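For reference, the structure is listed below as structure tokens.
These numbers were taken from a predicted model, which means no experiment stands behind them. Letters A, B, ... mirror the listed sequences (proteins, then strands); counts begin at 1.
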2 protein chains.
Amino acid sequence: MATISDVAKLTGLSKSTVSRVINNHPYISKEKRKLVEKAMDELGYQPNPSARRLRGQLTSTIGVVVPRIANPFFSYLLASIEQTAFQNNYQVLMFQSNENKEKEVYFLNLLKTKQVDGLIMTAVENDWNTIEPFTKYGPIILCNEYLSSASIPMIRVNQTKGAYLAAKHFIDQGHTKIAYCTGGLFADDGKDKDRNKGYQQALEEAGIPLNPSWIFINKHSIEDGKKVMKDIIELKDNPTAIFTGSDEIAAGVIIQAKELGLKVPEDIAVIGFDDQPSAEMLDPKLTTIRQPIEQMGQKAVEVLLSLLNKSEPENKMPELPVELVVRNST
Amino acid sequence: MATISDVAKLTGLSKSTVSRVINNHPYISKEKRKLVEKAMDELGYQPNPSARRLRGQLTSTIGVVVPRIANPFFSYLLASIEQTAFQNNYQVLMFQSNENKEKEVYFLNLLKTKQVDGLIMTAVENDWNTIEPFTKYGPIILCNEYLSSASIPMIRVNQTKGAYLAAKHFIDQGHTKIAYCTGGLFADDGKDKDRNKGYQQALEEAGIPLNPSWIFINKHSIEDGKKVMKDIIELKDNPTAIFTGSDEIAAGVIIQAKELGLKVPEDIAVIGFDDQPSAEMLDPKLTTIRQPIEQMGQKAVEVLLSLLNKSEPENKMPELPVELVVRNST
DNA sequence: TTGTAAGCGTTATCAT
DNA sequence: ATGATAACGCTTACAA
């Protein structure tokens, strides 16, 4: 590996001059610049990032925490983040928290040791009190996640509107018995409160009372979706429509419904959330709420980088738009 | 951030002694060791990885190159790699090549600058001559990818057997007109030659001649699958079965077949490759070849780490088993 | 415009 | 068993 000294030696100049060329400092004669550039090329020279980092200069790596990368939502988000980061000459250190608090803390420590310059968290497991102390070592931002107690940038979509659109769509179609799944609890705080609010709001506007036996909490996977459908059919009073928290749950619901001999949407209408490729694979194709995943990742990187460059981002709390995509499950 | 000097100062010992404690050197009195450990704890000391790296010591990051992380196959693979790496105290720097040769070279350079200690490539864009020179900076291994000209470890599944099983399954069901999709070319070398071989072998054994108009090359996505199905229906002589190169292509084929009013498997039987969650979402559920993705990622990390520790891995070229999963599309 | 030298946090070598 | 010191590759005062 060629070092800066090799370049200096080859050109007969000092390390400082070479460094200045590398870092695009002003006040360098054109001829020496050319000379240095030629030498760097010849030697295949690349600055050593560890040295730069140690010296307190250049930042180049951002960390991204996802719960599980195999979840398509997060893999799409990561794809967008990596791409945007790369365009800005940043690399991405990727972690799965696996919904494990200790692992999350381990990652946060990487900020402390400057392994990463900043952190994008797409989900958080610990509470804010645990995370807050790490913010003094580097910027941490939330993307997709929401923490009401935190005061750091959060990139998110208008979840309330998403849930509202879904419920409203059902109501417009004449449904009044509308079930609801959430990944968290049906409570007034927590990350799902916005969606809960949207759902409630639409019902309220239409004068439809809430039926607690149609609310399903802590649902995430395809299997959960199947289970929900099984539970629904056991109810005395069956809902005619269900708004699931994700396309995955929706998939489970639809698969199970068909297995039970039910017709979608005639017997039960289904709306998902995310608009993943699987939405098109399902039969009937899934009506769902589209999240602007690509935009979310892009925005997250932009905000983080502007924080790293000490310039305040224009908007630290952008709220990205959601959209109802009507297909055949409603 | 506390440094080693802070610890030295607090204990009244030298940096050397502290360093020895950190690195578990022998010949340290129990009492000083305790003393140092206590101080490190108090200060919340963490060794600075950049410094260690610069000093040519400790390694802790592996790089993983995938084509597109949003592709479920690769997101599952990455999930497994990250998890295994974490269990071994390694971090994962993740890159998407986006099938771009230059970006790939950029990543390879990270090995040169010791940003990553080793590299797992799950697909390669450049040819071996371009990649080979980088192997002198650190171990590079292939996982899922195969390069006949290379002599580095390759973790892969028995692709030949996978394709053979699929074709054989069709034949056993009485099919003789069996179409085939590949991500590459239908040639004697290249990454898909093993699958091509398996397909041909099964046909040959059954005395079925190859029909070139049923061979589709360079197929990858759902859209490609739809296109293939459209092309098939235009043929004078229609195949009755198709072995696609991935579950994604299979999804496209099935979706399009239904749109064209064809019944799967009655009018056309379909087999995918991978066994992704989407295989269960499709209607009919997809018969497919299951790859042991989790095992692949795990094995890849194990081999890479043993290379990093200079110990030869027991088996540098493991070939993992595939399996036919019969569902309703055949 | 260019060069000299100090220092970032570690660990290895050489003393003691 | 412990300590002093140099070196890893880089950037940045400061000097010239």
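If you run side-chain contact (heavy atoms from CB on, under 4.5 Å) between Ile131(B) and each of Leu119(B), Ile152(B), Leu142(B), Ile140(B), only Ile140(B) comes through.
Rounded to an integer number of Å, the gap from CZ of Arg53(A) to C1' of dG9(C) is 14 Å. Rounded to a whole Å, the CG atom of Asn23(B) is 9 Å from the C1' atom of dT10(C).
Pairs passing the salt bridge (charged side-chain N to carboxylate O under 4.0 Å, His left out) check and including a residue from residues 132-142 of chain A, sequence neighbours excluded, do not occur. Judged as a salt bridge (charged side-chain N to carboxylate O under 4.0 Å, His left out), the pairs with a partner in residues 77-96 of chain A (not counting sequence neighbours) are, in order, Glu82(A)-Lys103(B).
For the helix from dT1(C)-dA16(D) to dT16(C)-dA1(D), the end axes, each set by the C1' atoms of five terminal pairs, are bent relative to each other by 40° (nearest 10°).
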How does each nucleotide of nucleotides 2-9 of chain D score, in 5' to 3' order, for protein heavy atoms under 4.0 Å: base (B), sugar-phosphate only (S), or none (-)? BBBB-BBB

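Tyr106(A) and Phe86(B) have their aromatic ring centers within a separation under 6.0 angstrom.
Scanning for side-chain contact (heavy atoms from CB on, under 4.5 Å) contacts around Asn48(A) gives Ser50(A), Ala51(A), Leu54(B), with sequence neighbours left out.
Under the 3.5 Å distance criterion, the side-chain polar atoms of Asn98(B) are left unmatched by any main-chain donor or acceptor of Asn100(B).
The environment of Glu102(A) atom CD is sparse: at most 12 non-hydrogen atoms of other residues, nucleotides or ligands sit within 6.0 angstrom.
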Quiz: residues 32-47 of chain B side-chain donor-acceptor pairs under 3.5 angstrom, not counting sequence neighbours:
from, atom 1, to, atom 2, distance (Å)
Arg33(B), NH2, His25(B), O, 3.2
Lys38(B), NZ, Glu42(B), OE2, 3.3

